[in-house]
Amino acid sequence: MAARTHTGMRGIAAVPSYVVMQPTTLCNLDCAYCYLPMRAADRRMPVAVAEAVAASVNPWAAAGRFSVVWHGGEPLAAGREHLAALLAPFGPEVEHHIQTNATLIDDAWCAFFAEHGIRVSVSVDGPRERNAERVTRGGRPAYDRILAGVAALRRHGVAFSALAVVSRPAPGLATELYDYFLDLGCDVLGVNIEETEGVNTRTNARDPAAVTAFWAELVGAWRRDPRIHLREVEWSLRYAGAVLAGAADDLLPRRLDPIPTVAHDGSVVVLSPELAGFTDPRYGDFSSGNVLATPLAEILVDAGRTLWVGEFLAGVEACRSSCPYFGFCGGGHAANRYFELGRFDGTETEHCRNSKIRLLEGVLEHARDHESPAA
Ligand code: SF4
C-alpha cells in the first residue's frame, strides 16, 4: 500500500453532500463523554438561519441527492413547532435526518417524523449496563427513557439507525453489542470508540491489541447474521475489495467534503461539527462565515482560506505522504487533531489508531483467522 499513489482528497469541494444544522444547543441529557460545550443552554436557531441555508441547499438538492442532518444539543429539545418552522424553507428534494438520544420520542414525534420523511438515528451504547455514561441532568440513568423512545419508533414502524460509543473494548463486548442491536431492530449501526474532543478530556489511548480484537470480533458477529448495515465494517470491506481489484484510488472522493455545520446563530464551521462552539486564541471561533451575512455557497468557495483549514489541508498532505492507511482513511478528522495534538497539521491521533488503523487491522485479522484451509 504505497501512500503516495492515492490522488483523492486534494483541497475542499465547493458543494457538500450534506449540511449539519444545530436547531438548539440544549440537551436534556448530560452524558459523561459528551463534547458539547453549551448543552445546558437553550440557544435556538432563528428561522432566518434556516431560510438562509435553504437558499443554497435547495438548488444543490435539485441537482442531486442532498441531506440536512439535524444535530444538537438534542434536536428534539427544540420542540416540534420550532423544528417544523426550521424545516419549512427546505424543498421536497432535501432528505432530513435527526441524530437523537431518543428520550423525548413519543407518538406525536413519530407522526412528525413520518409527516416530514425524517430518517432517525438513535444514540444508545448497548444494553442497560453499557449505558452508565448516558445520564440525565440530575445524574440518573437515561436507559429506560431511551428504550421508551425506541419502542415508540417500533410501534409506528419508523425505521431507525443506531450509533454506539464504546469506551473500553474488551473480549466478548463486540458480540454482545451486535446481538443487542439485532434485537433492538435498527437497520444501520455505527460504532465509535470514545474520542477525546471538546469538553471531554478523558484519554482515548487504548491497548492496541484489545481494539484490534474488538473490531475483528465485531466482523465475526456481523458475518454470522448480517441483517444490519454495519457502517465501519462495510467501509473496510469496500476498501479491501477495491485494493484487491486494483481500484483503491477510486474510493476516496477527489476533494474533501466540506460538511458545513451551521450553528444555532448561523456561523459555519467546516469539516468538523465538533469544533462549533469553541474558540482558540489563534483560530478564533473556527468559523468560515455566517449565513446571515454571506450565502452558504459563497462561504464554502472560500473555506480553504480559513487559517486552521489551510493548516488541516497541510496535515492531510502529511498523511498522504507518510501513512499506509491514507487510502482508507483520507486523512482523518480535524477535531481529533486539534483536541489531541493541539494543532491541525499533525498526522496520527489516538482516534485514527482506534477507529481507522485498528479497524482495518481487525478486519484483516478476522480474514486471516477464518481463511479457508484449502486456500
Ligand atoms: S489520520 Fe491517521 S490513519 Fe488517517 S491517514 Fe492520517 S495518520 Fe493515517
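Since this is a predicted model, take the numbers as computed values, not measurements. All values below were derived from every heavy atom in this structure, side-chain atoms included, with hydrogens, water molecules and symmetry-related copies excluded. Whatever order the structure lists ligands and atoms in, that order sets their numbers, starting from 1.
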Exercise. Side chain of S56, backbone of A297: donor and acceptor closer than 3.5 Å?
Worked result: yes
Problem set entry | Worked check of side chain to side chain contact (heavy atoms under 4.5 Å, CB included) between E350 and E340 | CA-CA 8 Å; E350 292 296 343; E340 285 195 37; 3.3 Å; yes
Exercise. Are a donor atom and an acceptor atom from the side chains of E74 and T100 found within less than 3.5 Å of each other?
Worked result: yes
Exercise. Which atoms of the protein, restricted to N, O or S, are nearer than 2.8 Å to atom 8 (Fe) of ligand 1?
Worked result: C323 SG
Exercise. Between W215 and N354, is there a donor-acceptor pair closer than 3.5 Å when you use the side chain of the first and the backbone of the second?
Worked result: yes
For this session: Determine, for R282 against D280, whether the closest basic-nitrogen to carboxylate-oxygen distance falls under 4.0 angstrom.
Result: no
Exercise. With the 4.5 Å side-chain cut-off for hydrophobic clustering, are L153 and L29 part of the same group?
Worked result: no
